[in-house]
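As structure tokens, the structure follows; a few thoughts come after it.
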Amino acid sequence: MPEIGVPPRFIKFHPQDHDATQVSDSPSNGLTPRRYQEEIFAKAQQRNVIAVLDTGSGKTLICAMLIKWISAQKNPQKKVVIFLVPKVPLVEQQSKFIAQYTTLRVAPVHSEASAGVMDRDRWSNLFAESEVLVMTGQIFVNILTHSHWSMNKVSLLVFDECHHTRKNHPYTAIMAIYRDCSEVDRPKVFGMTACPTWTPDTRQTSLADLERCLDAKIVTVEEHLDEFALYSSKPTEVIREFPPPPETYPDYPIPTIWSRFDYSQVPESVEIPWQQLNSRYLFALGTLGIFAAELFLYTDLQMRLAELSHPRDLDEMESLRMRYLYADVSHKIDDPPACDVPELRDLYEILAEYQPFFEHTSFCEDVPSPWSLSLSWFSPKVQTLVDILLENYTPEFHGIVFVDRRHIARVLSGIISRIPTLKGIITCAECVGHGRDDKGIAGGMPIHRQRKIVNDFRDGKINLLVATPVAEEGLDFPACDVTVRFDFMQGMVGYVQSRGRARRATSTFVVMVQQDSTSEIDNYRSFSENEAHIKKLYRSSAPRSLQEPVAGETEDGAGDYVYPTDLAKRERFVVPSTGAILTYNSAIGLLGHLCSLIPCDAFTPSHKPRYSGDFVATVRLPSALSLPPEQLIYEGPRKHSKKEAKRAVAFKAVKALHSLGIFDNHLLPAHCKGDLEIDGDRSQADDVTHVPETMDDGRRVAGLVTGTLLPPTELCWNGTTLALGTAELVLFDMDEDWQRRLMQDYTHLGLWWRVTAKPYSTPLSCYLVPLIPHSCQPNFQAMELLLRHPDGGSYDWSGVDERAYGHIMVMNNTQHGRPFLLHKIRFDLTPLSRPPTEIKEIAFQTYREYYQWLLRKRKGHIPEIPKDGPLIEAIFLPRQTSRAYQLLPRDTSIDVEMASGEAAKPVLFPRASTCLFMMSEEMISLFGLFPRLLHRVQDVWRVRSARVSLDLPPILDDYLIEATTLPSAAAGFNNQRLETLGDSVLKLCTSLHLYNRFPHCHEGQLDHLRRRCISNRTLLVRAKAIDLERYLSMEVTEPVKQRMARRSLQDCMEAITGAGYLSGGIPMALQVGRALGLNFGGPVPWHMRYVPPPHPQPAATRYSELQDSLGYEFQHEELLQEALTHPSFWFGRKSYQRLEFLGDAVIDLVVMTYLFKKYPHANSGQLSSLRSRVVCGPVLAFIAVQVLSLHGFLLAGNLELIAAVDKYIPILQAISSRDIVLHSWAHDPPKVLSDIFESLVAAILIDSGYNYDKTVCIVEAVMECVLEILSPDLPPEPVSALFLWVARSGCKRIHFSKSCSREESKQNDTVSVVVHDVTVVGPVTGSSISVARAFASERARMILSTVDSDKALVNLCNCNEQVVCAPVTELAPDDPVDDTTEIGFATAAATELERYRIPQEDVLGEKLETEDDSQIRNALETADHDV
């Protein structure tokens, strides 16, 4: 199945980038069409045509002209041009040429994986953004089958190398769909080929069939033959005979490998196809000779042994632990020894002896006789080839040697470069296809390597290719001096196209045939002599395309004979709603694709449909599809052939599975990861692409007077609880206006003194006023007393004594607006007293001089300061501008009133210049809390409104406030902790709903559905649907326009879910899910909605020990057996895969709830990190083995799996709970062990009648040994530890280096750590890149921190001595960081440092930025100690 190029790329390039499809070897660099090309173009404008022109004569240019012409026509329906090619390398090649010539938007569509066929949105975008799409035929078949696009939306259909339109080729299937369209909706067809027929004997029929299949007329040059002859030169054709191969090679100096090793003694368990190897060896021996056959065998065996010797994951992890974790820093890390396969030990030793002979690169110069290479070791056929190359060699030589088999191509290219007479003049490489079926030397060639070889051949770095038929057609090669058919061509097409590679007039086309091989000579003469007859035929005007199909041939041109009666009974099913098409030919592939998506581990064979029967076929589907047994087996109708019977039963099965919802209306596996239109409840998802990334948006001491009835609430701060009680109506006297003004002026003064630090005159919407004792009415008398004096102050100190200390606010008239709290009256000091030596005023003779200097500096003049009277001590009352408050009482070591550094020291003022204010102590404190109180009231009002509007259940106010408060609000709290908890709640509630909603979906489908249901996109859709942003708090203290990240809505959805869970457990979380539109299946509690399986049967006595360990007795033995059954156990039982899907979510929530409640001060990042330390494969496998001994109950049918489990059991039994938690990254036990524990947890939940609370108790008890290890101070995992260590060290020149350990590998699996261009550790190879990074990081930190190591950081790094500017980029949460660069590594390290530095939040709601990194230091020291 194909995948779209990611994203669609529109090709633009310069003319010199492409030359093969330009018109032959024209001296001009332009692309001006020649007259014969214009002749074909004119014909193509009139009707559908098949252009038959020689290789290199410019067929692609004619096609580009046609594309340009048809794209210029009116196109109201936004039709596209589809350019089809038979091979993947031609996609890029033809895309570049068309884009260069036409300037249209050209999208090359590649075929690399199966995911793309399911992504309808990407296909839709691709077609919308492109005008021309270049792809292989199979991709377009899939597009049409699944109705991603339709034939009536195509303006031009181009078939490159259209002679492939025969038998079961995709071109044939495309034209069958073409014929189903009405004539007015059909696109124009243009075919291109150099040879329209495969066999000369059936030329008349072949031409007619091709014209009929393509609904086109074969055309060629008729009017401008002289010009055409100039640009389609034919080479000199030569038949070169060679003697038959000898029976023996007496001059070969060493014994053969087969003579020393008897493969018949190797057990069948060793996966080497000995018979196939021997067959290929004998073919190489007869074709190339003894040395080449031995070279093939040696190379192939080395490749296969390397594959077998690549350590299993279990052995690999043990090797990595010994070499990188437990080894001393001073210990040199050696390369891992080859993993010896015992049964092949002798073969290892034999091949080691042959290594100098086969891997030496200078046979004739350095290696003495008898080891020098001799031509007598090669077959006469190779010797003849050497003569041909020498005869045709020129300084500008280019040549191609065509062979049939990949292993022959690879060996022949290897030996040609070693032959003494060709050294220095021939540079050779092989060019083969991409097939993936074979291993060893006969395996396919990666696309990137093929592209490099072709480019090197074009640029002259290689002058000889040994190629399989993949190079016969299409690929962009320069004209060759000689083309050699080393193996005889298989048909007329091979003859014409391979000869076309030698298209210069001076070129030579050599056909090698064995002496006395009359059949090959006769075939060659038939090809040569009939070519003129074939051209005469297709230049004829006879209406061949009007012939009727041959009886018995399928309607879509399939080459397999179908009996007329079977053909008449064939069906074609079209899905009415989408137009997706099911045919007999596509059904088998659809079934295979469905089964390939079922998850399986390394010990489970790939799931495939099993066909049986002859003329009545039966198909059995894998039980992992979770269908009832009767829907897993289908029997088809009787047919006249086995192949037709297989097609018929597959058609019947796909049609039935579509009716069951296993295939959707696009005939794609339902609920696949590309299914973006529906969610778990099959409701349509809205489009959110228009949503921008950010969007605008005890005692009664006082009274809050408002015009609105406020909700009762409480404010907790600094150990004091302030309650907003029941409201009462304010009773005014006759002069209501004056009393209103009195309340406003009183509140203005309080705000000035405690909040704003400057006079405040803005009209207010509420007033904070004192109350009459034992009443709920404003105390207007107290307010009038305060406001009687200017600015509220009085200089009457009479009656002020020690009882007023700490209770009265004072203010010096020289510093008006700076309030202080009276601490003491100093009758022992006067303004003329001399300051003591320990204070800053010591520089002055008296306090009075100090005040005069200070005020002159601040005010610019000297105020009148009295000389007599006492001084007073006062403590500054800091302004309380923060609106932050605590949701729940917390332990805090920060004193609210001492949050400012100035508040700790009393200051001295002359009493005579200091006024006191008649505001009660309670009111002074309350005005300091006024912003917080208003914020609290606003929050409560906001969430209670949200509760009513959104129909939320009775979530506690504090939880709902926290859930709807964004981090940008700087409120002293935010929703990130609840978001982390809610994510786990969302995962479990969704998983359980999907598990029961779709009983026939396998684990892979359920997983894709869950991702869809809990994806950010789905949450954003739901949040926008209920207008959630109206109820969020994102306020900031700065007067800026409020903006909210789009991600905030998704976080709040999860946080509200978590708040509901904390308030009322799972039942309330389900009600929240209903209100928010989440896929929870409704608000009905689980135990009422779902029921366990019918017919309870207690577990057998053999499970007694397991039930004792769990503290739980199963009532349904079938659930317990299902939880312990691996997919490889094929006895009609269900496997644990569906239960594992559910159990994973249960454990995730249990652990997260435990951490959330145990560590209330841990932030979101810490909670997630701690969860990942125990909810991982190694730790869960540890629980399964050491706590529950589940391995003893495992039901598996794979011996290799059982052996792998048995091998890892002692490791898990010996390790401690602390070690497995700290070093889980260093272990990789078989996944089945963690899977059965997860499945067992799910089975308990279902068996208990969906009693989640009981399940939680069991899981916490079982996992207690690892849960108690967790704490926020736990050392980080190795990569994070290295980031932290490097960030604190200040080094800016460190990075990872990644690579592949094997050339055939497609993914990086090897990591090195490089510091100041010195490789400190590596290359470290692991089973995955993450494993390699972990071990490399751990080892690197050990070495860099060891001072006496020559690679210690102190010996390598000089960053602190240089002015280094290493920019650290601020990234969005989801942006990837490239730690293979020094800048990327520094950015990742800084991010990790910030995550582990947990800022305290003071009473002002602001972060106290300190330099104390003790938490990080402790974590790293703990990590060092553990290592």
Side-chain angles (χ1 to χ4, degrees), residues 268-269 271 312-314 594-610 612 619-633 995 999-1007 1093 1095 1097-1107 1110 1114 1116-1144 1177 1180-1181 1183-1185 1188-1209 1212 1229-1244 1246-1247:
E268 294 182 0
S269 59
E271 297 179 355
R312 299 279 183 182
D313 291 346
L314 311 183
L594 171 68
C595 296
S596 70
L597 296 177
I598 302 174
C600 58
D601 56 27
F603 303 101
T604 306
S606 299
H607 296 285
K608 297 178 181 179
R610 299 180 180 181
S612 59
V619 62
R620 179 186 295 272
L621 303 177
S623 60
L625 284 175
S626 298
L627 290 168
E630 64 274 10
Q631 293 173 347
L632 290 174
I633 303 175
Y995 178 89
H1000 301 322
C1001 286
H1002 58 70
E1003 178 203 3
Q1005 292 172 304
L1006 292 176
D1007 182 63
H1095 314 300
Q1097 179 182 352
T1101 55
R1102 64 178 179 272
Y1103 298 114
S1104 299
E1105 185 176 345
L1106 172 59
Q1107 294 185 120
L1110 289 170
F1114 276 87
H1116 301 83
E1117 185 180 20
E1118 61 182 289
L1119 278 172
L1120 180 57
Q1121 290 179 344
E1122 180 181 344
L1124 299 172
T1125 302
H1126 186 263
S1128 64
F1129 193 76
W1130 178 257
F1131 290 101
R1133 287 184 177 178
K1134 292 182 179 180
S1135 71
Y1136 60 62
Q1137 289 179 310
R1138 278 174 52 86
L1139 287 175
E1140 175 209 343
F1141 162 82
L1142 178 58
D1144 167 68
L1180 298 183
I1183 298 295
V1185 171
L1188 299 176
S1189 300
L1190 291 181
H1191 56 284
F1193 303 96
L1194 173 65
L1195 298 175
N1198 184 287
L1199 296 178
E1200 190 176 359
L1201 169 63
I1202 296 173
V1205 170
D1206 291 342
K1207 185 173 184 178
Y1208 221 96
I1209 294 304
L1212 293 174
K1231 185 175 179 292
V1232 63
L1233 294 174
S1234 58
D1235 288 349
I1236 56 176
F1237 176 62
E1238 293 173 333
S1239 306
L1240 183 66
V1241 170
I1244 293 172
I1246 299 173
D1247 185 79

[X] side chain near [Y] side chain, heavy-atom distance below 4.5 Å:
{"X": "His1000", "Y": "Pro628", "value": "yes"}
{"X": "Leu1233", "Y": "His1191", "value": "yes"}
{"X": "Leu1110", "Y": "Leu1188", "value": "yes"}
{"X": "Gln1137", "Y": "Pro1127", "value": "yes"}
{"X": "Ser1239", "Y": "Glu1122", "value": "no"}
{"X": "Leu1142", "Y": "Ile1246", "value": "yes"}

Please determine which of Ile1236, Ile1183, Asp1235 meets the side chain to side chain contact (heavy atoms under 4.5 Å, CB included) test together with Leu1190.
-> Ile1236
Atom pair NE2 (His607) and CG (Leu597), whose distance is rounded to the nearest 0.5 Å | 11.0 Å
Rounded distance [0.5 Å steps], CG in Leu1199 versus CG in Asp1206 = 10.5 Å
All heavy atoms of Leu1201 vs all of Ala1196, minimum pair found to be CD2-CB, 3.8 Å
Mind checking what makes side chain to side chain contact (heavy atoms under 4.5 Å, CB included) contact with Pro999, not counting sequence neighbours?
-> Arg1138
Residues forming a side chain to side chain contact (heavy atoms under 4.5 Å, CB included) with Pro1098, sequence neighbours excluded | none
State whether the side chain of [X] and the backbone N or O of [Y] hold a donor-acceptor pair below 3.5 Å, judged by distance alone.
{"X": "Thr1125", "Y": "Ser1135", "result": "no"}
{"X": "His1126", "Y": "Phe1129", "result": "no"}
{"X": "Gln1097", "Y": "Glu1118", "result": "no"}

For this output row, return yes or no: ring centroids of Tyr1103 and Phe1193 closer than 6.0 angstrom.
-> yes
